[in-house]
Amino acid sequence: MAATYALGIDSSTQSCSAIVIEPVTGTVVAEASVNFGESLPAYGSPNGFLPDGENGEVHSNPLMWLDALEEVLEALSKRCDLGRVAAISGAGQQHGSVYLNERWQRTLEHLHTGESLASQIAFCLSRKTSPIWMDTSTGEECREIAHAVGGNAVVCAKSGSVATERFTGPQIRRFYKEDAVTYEDTQRIHLVSSFLCSVLVGADAPIDTGDGAGMNLLNLAKGDWDPELMDATAPGLAKKLPPVRGGDAVAGRLALYFSEKYGFGRAVSVQVFTGDNPSSLVGMGASQPGKVVISLGTSDTFFAAMPEPLTDPAGFGHVFGNPSGGTMTLQCFLNGSLAREKVRDRLDMDWDAFSAALQSTPPGNHGKCMLPFFGPEISPRLHLAAPVLDGLTWQDSASVARACVEGQFVNMKLRTDWMQLQTESIFLTGGASKNEAIAQIAADVFDAPVRRLAVSGSVSLGAAIRAAAGAGMASLDELEAAFCQPEPGSIEPSPGAAEVYVNLQKRIAALVAKAGK
Ligand code: XUL
């Protein structure tokens, strides 16, 4: 049988998922997912990371990611003929790092099916656990890195983001300061994405510009490591980092281990892996400028392909490489679903009542508004004990519900204006995107039609699409047309809403300025 399939892998915070697509027929052949907490309880990580980290530390065991990868491939091999896979790519949760010793390269070259990947790679870890994106322990290291290069404006202009706690550079610096001897013994530092890609090709894989930009180490304009940022981070770092490549680079051929164990062919091309957000951009069909993706999850994220490589003068947003070329932007809002849920609970409503409240109140809410932050927020950086209500009391429940959602989207609009995007349509995804009333407010605030995608796993789909496009199985446009179609119908902005929200933007900006004093 001809090799007509492409495989995409997504190693995320809580699970490893994969999808096999057949570009020529536009079909999804098979899918599988393994939840770390449920399927691999021995790792003691019910939510995908080791609980009870101190001082903001959040770590995971990288061997768990390997065991999950094997379980996913095992499940897929029972659902389809993996011998028909021609190309593979993947994505990892961003920012997380894996520390490897001098045995790494040799072990990769000699992977054998007599033992699992995890038991062979275990001896290669110089640091047993990996800090992941939820880790906030590096405030001091961020300040030190920024100071060393002349301030955060310099870090941002070079790397696309100010020194950021969860980013890999500050995490590496903290490790170096805490344990200089083990840092010295570390020969290679990989991201989650490049670690898994290396294992698949049985050789050290590059880091792509999409995921590499989440490290505060990559010079975005040059597409390569920045010597000054590396020096500010830790000594001898240049030797410990793999090379950087664009998202279209091929990392190598799939290692024999996988052919022997799971039935893959002998000539499978593996394209360099990327971060989960860059991969999702592709999976959502938004890799060209014009479409904006808003993902409403535990935290809300806003991302889009960028026409120009700008950076956020306020220092809250990020710029990453776009796996399809150029750059993409990402802005993360901590107060997403958790804030909506807190308001709903305080109003003693279920989601139906919450939606009815949104529908019974007009755009602009008669001037009643809210800064809907419970605890820390990173866009903008504020730490409020409770939301700020303006012209509103908690008794006015329908208006409170609207003020919460309007406050979130208006803040999102304010925080993303620096991107200078010409938004033709907004693609809404994530749990809350199904809520019609919430989607309507997004359309009104951004004055753009909102569409929703049928895609569930946009990260793994993006990886499969990249693999297929990279191997020349179809063009990116053809793949997006076949696999990334929005659900029929769009939600149009309400007439006159745009003017109302211009005023609300001024009010919310004033509340933010006051709260920041
Ligand atoms: C992005 C970020 C998260 C992780 C995990 O900057 O920290 O979205 O990529 O999904």
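Residues take their numbers from the sequence shown, with the count starting at 1. Just so you know, ligand 1 is whichever comes first in the structure, and atom 1 is the first atom listed for that ligand. Just so we're clear, the structure is a prediction, and the values are computed from it rather than from any experiment.
- A distance of 6.0 Å or more separates the ring centres of F316 and W418.
- Side-chain atoms of D135 come within 3.5 Å of backbone N or O of V58 as a donor-acceptor pair.
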Give every pair formed by an N or O atom of ligand 1 and a protein N or O atom closer than 3.5 Å, one pair per line with both atom names and the distance to 0.1 Å, or write none.
unit_1   : atom_1 : unit_2 : atom_2 : d
ligand 1 : 6 (O)  : H95    : NE2    : 2.7
ligand 1 : 6 (O)  : R166   : NE     : 3.4
ligand 1 : 6 (O)  : R166   : NH2    : 2.8
ligand 1 : 7 (O)  : H95    : NE2    : 3.3
ligand 1 : 7 (O)  : R166   : NE     : 2.8
ligand 1 : 8 (O)  : N277   : ND2    : 3.1
ligand 1 : 9 (O)  : Q94    : N      : 3.1
ligand 1 : 9 (O)  : D276   : OD1    : 2.7
ligand 1 : 9 (O)  : D276   : OD2    : 3.4
ligand 1 : 9 (O)  : N277   : ND2    : 3.3
ligand 1 : 10 (O) : D276   : OD2    : 2.5

- request: Assess whether salt bridge (Lys or Arg N to Asp or Glu O under 4.0 Å) is satisfied between E144 and R174, documenting all intermediate values.
  value: CA-CA 10 Å; E144 289 165 352; R174 185 159 192 265; over 6 Å; no
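- Applying the salt bridge (charged side-chain N to carboxylate O under 4.0 Å, His left out) test to E406 and every residue at least two apart in sequence or in another chain returns R402.
- Inter-residue side-chain proximity for F175 and I189 is flagged as unmet; no heavy-atom pair is nearer than 4.5 Å.
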- request: Could you go through the ring-ring contact (aromatic ring centres under 6.0 Å, His included) check for F36 and Y43 one step at a time?
  value: CA-CA 8 Å; F36 302 137; Y43 285 102; 8.8 Å; no
